[in-house]
Amino acid sequence: EVDWWLLDERTYPTNLPIMTTTASNIISSSKKPLITSVSCHRFGNLKENRAVTDEVTAQRHLSPGSGRWTQNKINPERLKPANSAFNAVVRQWEKDCPIAWGKGQRLCYPAKYDAMRAKPNSAIGDAMDVVDETIVAHWHDIVEEAREMHNGDFDPELYPSQSQIRGKFSIDVEVMPMPDASHFDSELQGVFGPQLEALVNRRMKAAELEAWSLIIKPLAHMGSTLANPKAIFRDSLVGNVRDIMNAIPEINFSGSPELAAARNELATFANLNPDDLRNMPEIRDTAAKAAQAMAAKYSAAKRHLELDA
């Protein structure tokens, strides 16, 4: 299997610049999904202490290559705020683009392109502000703290200057089109076209399976929770079903009519009143049985799709 996504630097634009209105409109009007990825780059805080590694290897009579002694360059607590901010960017991206594609990649409809691009840009700015406030502004103190921490084993070559440390932190958002045989000339289409088509179809089927999983999870949870008369629940029990119902048009990348139909079927559960479910046992029992039956129906549809994959 050829990983076509390795061709992105030659075939597709990465690290997209600010788009013109015309280019943005062209992308937004396209019907084919976009492939997105977010890459976080941070200051590498681990280093090998070769002297300690050799000492332990000799003392314990270990074979060369059996292990190595690593230590932190700086106090890892200093990195926690930046790491947390970077992780928040990734979580937002995963929330906005819930369906995975390849490794480290997720699908997004072109109609969401501008909104998807704006959210990471805003979150990235916030994350870099945290880097500036917690690391760059205090870098001199952090390095001096590291000098004391390493007790004479401090190597200044491992520490960038204050003006350089910010460059060790970055977040890249990449957006590229769904690959198609038409992107290649006729000769390459003949060689790689069928293989590329099979790869896209296989991953699109996996995307449909993931969409079913996202639908089944809150519905099955609703059914099992309501089936227990003593179970206490929040309004989000219904809200989560409503959210996935509204998201179906944005995660139905395969154009599945079954997924489209599920949106109408979920309306019954999305419109339930949480207080009625708490205070009216008959309504609660009816909703529990209906939710369990619908979750079972969708699980069967997913299993059937898996057998065809």
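In this text the structure is predicted, and so the values were computed from the model without any measurement.
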If we ignore hydrogens and angles and just use 3.5 Å, is the side chain of [X] paired with the main-chain N or O of [Y] as donor and acceptor?
| X | Y | answer |
| --- | --- | --- |
| Arg263 | Met245 | yes |
| Arg106 | Lys95 | no |
| Tyr159 | Phe154 | no |
| Arg284 | Asn228 | yes |
| Ser299 | Ala295 | yes |
| Thr53 | Trp69 | yes |
| Tyr109 | Asn252 | yes |

List the atom of [X], the atom of [Y], and the distance in Å for their closest heavy-atom pair.
| X | Y | answer |
| --- | --- | --- |
| Pro110 | Leu34 | CA-CD1, 4.0 Å |
| Asp153 | Lys47 | O-NZ, 3.7 Å |
| Pro160 | Phe43 | CD-CE1, 3.9 Å |
| Val241 | Pro218 | CG2-O, 3.9 Å |
| Ser63 | Thr57 | O-CG2, 4.4 Å |

Aromatic plane relationship, Tyr298 with Trp212 - under 30° parallel, 30 to 60° tilted, over 60° perpendicular: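 Aromatic pair Trp212/Tyr298 classed tilted.
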4.5 Å side-chain heavy-atom contact, Leu259 and Ile215: yes
Contacts of type side chain to side chain donor-acceptor pair (under 3.5 Å), residue Lys168, not counting sequence neighbours: none
Check: Ser163/Ser161 side-chain N/O donor and acceptor closer than 3.5 Å: yes
Gap separating the CG atom of Asp243 from the CG atom of Leu266, nearest 0.5 angstrom: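 Between Asp243 CG and Leu266 CG, I get 11.5 Å after rounding to 0.5 Å.
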